[in-house]
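Written out below as structure tokens is the structure these notes cover.
Residue numbering restarts at 1 for every chain, and letters A, B, ... go by the order of the sequence lines.
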Amino acid sequence: MPTIFYGDIMPQNNITIDGRELSTEMTDLKDMIKDPNVVAVRVDGELKDLSGPVNGGEVIETIRSDSQSGLEIIRHSTSHIMAEAVMALFPDARPTIGPSIEDGFYYDFDREDTFSVEDLERIEQKMDELIALDTLFERKIMNRQEAISYFQEKGEPYKVEILSKIDDEVVSLYQQGDFVDLCRGPHVPSTGYIKAFKLLSVAGAYWRGDERNKMLQRIYGTAFSNKKELKQYLNFLEEARKRDHRRLGRELELFMISDEVGPGMVIYMPKGGMLRTLLEDFEKKVHFKRGYDIVYGPSILRGKMWETSGHMDNYKENMYFTELEGQLYGIKPMNCLSHILIYKNKVRSYRDLPLRYFELGNVTRHEKSGVLHGLLRTRQFTQDDAHIFCRPDQLIDEVSAIIEMVEDVMAVFGFEYEMEVSTRPEKSIGSEEDWEMATKALMDALKGKDLPFDINEGDGAFYGPKIDVKIKDAIGRQWQCATIQCDFTLPARFDMNYIGSDGQKHRPVMLHRVILGSIERFIGVLIEHFAGAFPVWLSPVQAVVMNITDAQADYALRIAERLKEFDVRAEVDTRNEKIGFKIRESRLQKVPYMLIVGDKEKAEDIVTVRERNGNQQTATLDDFISMVKDAQPSV
RNA sequence: GCCAGCGUAGCUCAGUGGUAGAGCAGCUGAUUCGUAAUCAGCAGGUCGUCGGUUCAACCCCGACCGCUGGCUCCA
């Protein structure tokens, strides 16, 4: 097996490292840089090992372990060390791939027995040993054929499969200790560079992400430049766990998902019901103000409708069906069909367009059991759905208006977001010109508003391209909520027309769009975003009135009555408990205001207003009421 | 749907092959109190469901249901 060792040749010549010019007398970049926090270098924009050859004259930028690239390298190297540990402990495992990912890394193995939690501990221990040995990561170059026979001999079929799909003549391998892996690199110079890592979980994962392939075992872990950062990340995971909407949903009595009723179905309890109503009232206002008409369609529609729409061919596995009086009916997974019928109910003129139909539509989809997740993935959910029918020349303006609407609404909740345009997928219908026109319209609308966006090649809906909006919650996680989809298929399938100024029939363009997406999902994201402490206008209970002793019970009740008269959502706590206990309970319920009334307040006809953050002040009830009213967002 | 783990009181969790416990919540009583838990007593579970092994199963085995973390898919 002929190999070329990288880093053997170091001709004497000057190089520039982070702007400093140095001579290359020393044989190792690592020795020249003399910084244990530097894990790799970037030469001419390309990431390279510290042990790479230097010809002289290069301009080199060092990559520190706490930079984004540095973290990726550390994590990638940690995954190799983990694979080495796994192979040492479980020689029957076959390594496949092990990249760095967003917050860590994973490595997939094919193995008969499964990895247990105890195994993870053993692997971690072994990794500690390997790191203590501080073995070098050595890069080797091999031509592809040699590499294939090498891995064949080693009995690593997955590596052979990867190699057989690589076009390059030569490939690189990395070895540390006994472990050799096919890998582009770069890696840290030696295992001792790994200062802080943790294995997190085991999970199944399909080979090459295809569900027709064998399921492998994936071990997830993470690594950071130092122990402190790792600890911060683990704390962050803990924080996320505390914010879990399923946990808060139960604790705040917002919703339940009952095994008896069935999986993936949400039951709103009084406080969740109030939250949802507030959100929906807000949505109605937002839509009416922007020229939408509210409509309602039935939940079950004749099978024939779904045949015409193409759902029978493209969406059947996700639908539920029922039979009534010998007729097939489909339970709606989308709201568009009724809206189309409303459009078709009479002859439309070009002057009528655009028509914007809005529905808080409850849809039912048969989601695979394994994907259900609290409010974030359910089998029944309500979309703040709308369909806009317009002339082609109105398309950009309509898309722009929707984007503005998304911006306005997200600003109310304080979400940041990213936009993504998805283009034509392989399996799709419609002409090339239509796709081009629609995709361009979507992009032009975004460009016109100077909004940056990513392009997601081939990820559009089968009937048209789309803009997806991913919102970022308070702890940085992303959720897909809003989506704007262009559709020229359904108007054709349902033979929709309008009469143009020329007296001829023309086909309208249809936009499907949601702003919050699914009300359920959005509520789930809201819960986690605010950690249950909703803004005043969205809080199911805005204030709890609490008395110090029985002597003020009548006063507390009177206050609560007044609040209700002024539409402030108030509860009253006159239980025979200490004020500290009542405050504790309201805090746990994340109620924005506590109105504390003792003898003093009763005598002066005022209240002490205690906020969630502990700040407090005395105020007249009228002042407090206007304070609550002022919290209502205007959009 | 697939892989792995899990399922004990309303919640959080102990527990052992010989028919179950704690804290909080609940109920009752006492306490009338000024900013995150007053004290005492009481009550509460066919140990997810169904089958099997066993003299005996919450515990062992199997199937099913559900949940959790992933994968695939998705609002």
Taking the six-membered ring for Trp, are [X] and [Y] ring centroids under 6.0 Å apart?
X: A:Y292; Y: A:Y357; value: no
X: A:F413; Y: A:F522; value: yes
X: A:F109; Y: A:Y107; value: yes
X: A:H387; Y: A:F358; value: no
X: A:H529; Y: A:F415; value: yes

Using a 4.0 Å heavy-atom cut-off, does [X] contact any base of the nucleic acid, only the sugar-phosphate backbone, or nothing at all?
X: A:N318; result: nothing
X: A:E520; result: nothing
X: A:R218; result: sugar-phosphate
X: A:F581; result: sugar-phosphate
X: A:R246; result: sugar-phosphate
X: A:G580; result: sugar-phosphate
X: A:R365; result: base
X: A:E585; result: nothing
X: A:K582; result: nothing
X: A:G598; result: base
X: A:S116; result: nothing
X: A:S586; result: nothing
X: A:Q616; result: base

Subject >> All stems with RNA chain B, defined as three or more consecutive Watson-Crick or G-U pairs under 3.5 Å >> reply: B:1-7 with B:65-71, B:10-13 with B:21-24, B:26-30 with B:38-42, B:48-52 with B:60-64
Original post:
Does A:R111 make a cation-pi contact with A:F115, if we ask for NZ or CZ under 6.0 Å from the ring centre and within 45° of the axis?
Top reply: yes
Subject >> A:F105 six-ring centre to A:R75 NZ/CZ under 6.0 Å and within 45° of normal >> reply: no
Shortest side-chain distance from [X], nucleotide among [options]:
X: A:D550; options: B:A75, B:U35, B:U32; answer: B:U32
X: A:M215; options: B:C74, B:G34, B:C3; answer: B:C3
X: A:T114; options: B:U35, B:A75, B:A4; answer: B:A4
X: A:K578; options: B:U72, B:C33, B:A75; answer: B:C33

With rounding to whole Å, what would you report as the distance between [N] and [M] at their [atom1] atoms?
N: B:A4; M: B:A75; atom1: P; answer: 29 Å
N: B:U32; M: B:G10; atom1: C1'; answer: 30 Å
N: B:C60; M: B:U16; atom1: P; answer: 11 Å
N: B:C61; M: B:G17; atom1: C1'; answer: 14 Å
N: B:G44; M: B:G26; atom1: C1'; answer: 9 Å

Original post:
Less than 5.5 Å between centroids and less than 30° between ring planes, does A:Y220 satisfy that with B:G70?
Top reply: no
Considering just the side-chain nitrogens and oxygens of [X], establish if one lies under 4.0 Å of OP1 or OP2 belonging to [N].
X: A:T549; N: B:C33; result: no
X: A:H373; N: B:G69; result: yes
X: A:R111; N: B:A4; result: no
X: A:R610; N: B:G34; result: no

Does [X] make a side-chain donor-acceptor contact with the base of [N], cut-off 3.5 Å?
X: A:Y206; N: B:G1; answer: yes
X: A:R247; N: B:C11; answer: no
X: A:Q552; N: B:G34; answer: no

**OP:** Can you tell me the distance, in whole Å, between the CD1 atom of A:I579 and the C1' atom of B:G34?
**Re:** 7 Å
Original post:
Checking side chain to side chain contact (heavy atoms under 4.5 Å, CB included) for the pair A:W207/A:E161: CA distance, chi angles, key distance, verdict?
Top reply: CA-CA 11 Å; A:W207 167 236; A:E161 187 179 330; 3.2 Å; yes
Original post:
Is there a donor-acceptor contact under 3.5 Å from the side chain of A:Q542 to the main chain of A:V536?
Top reply: yes
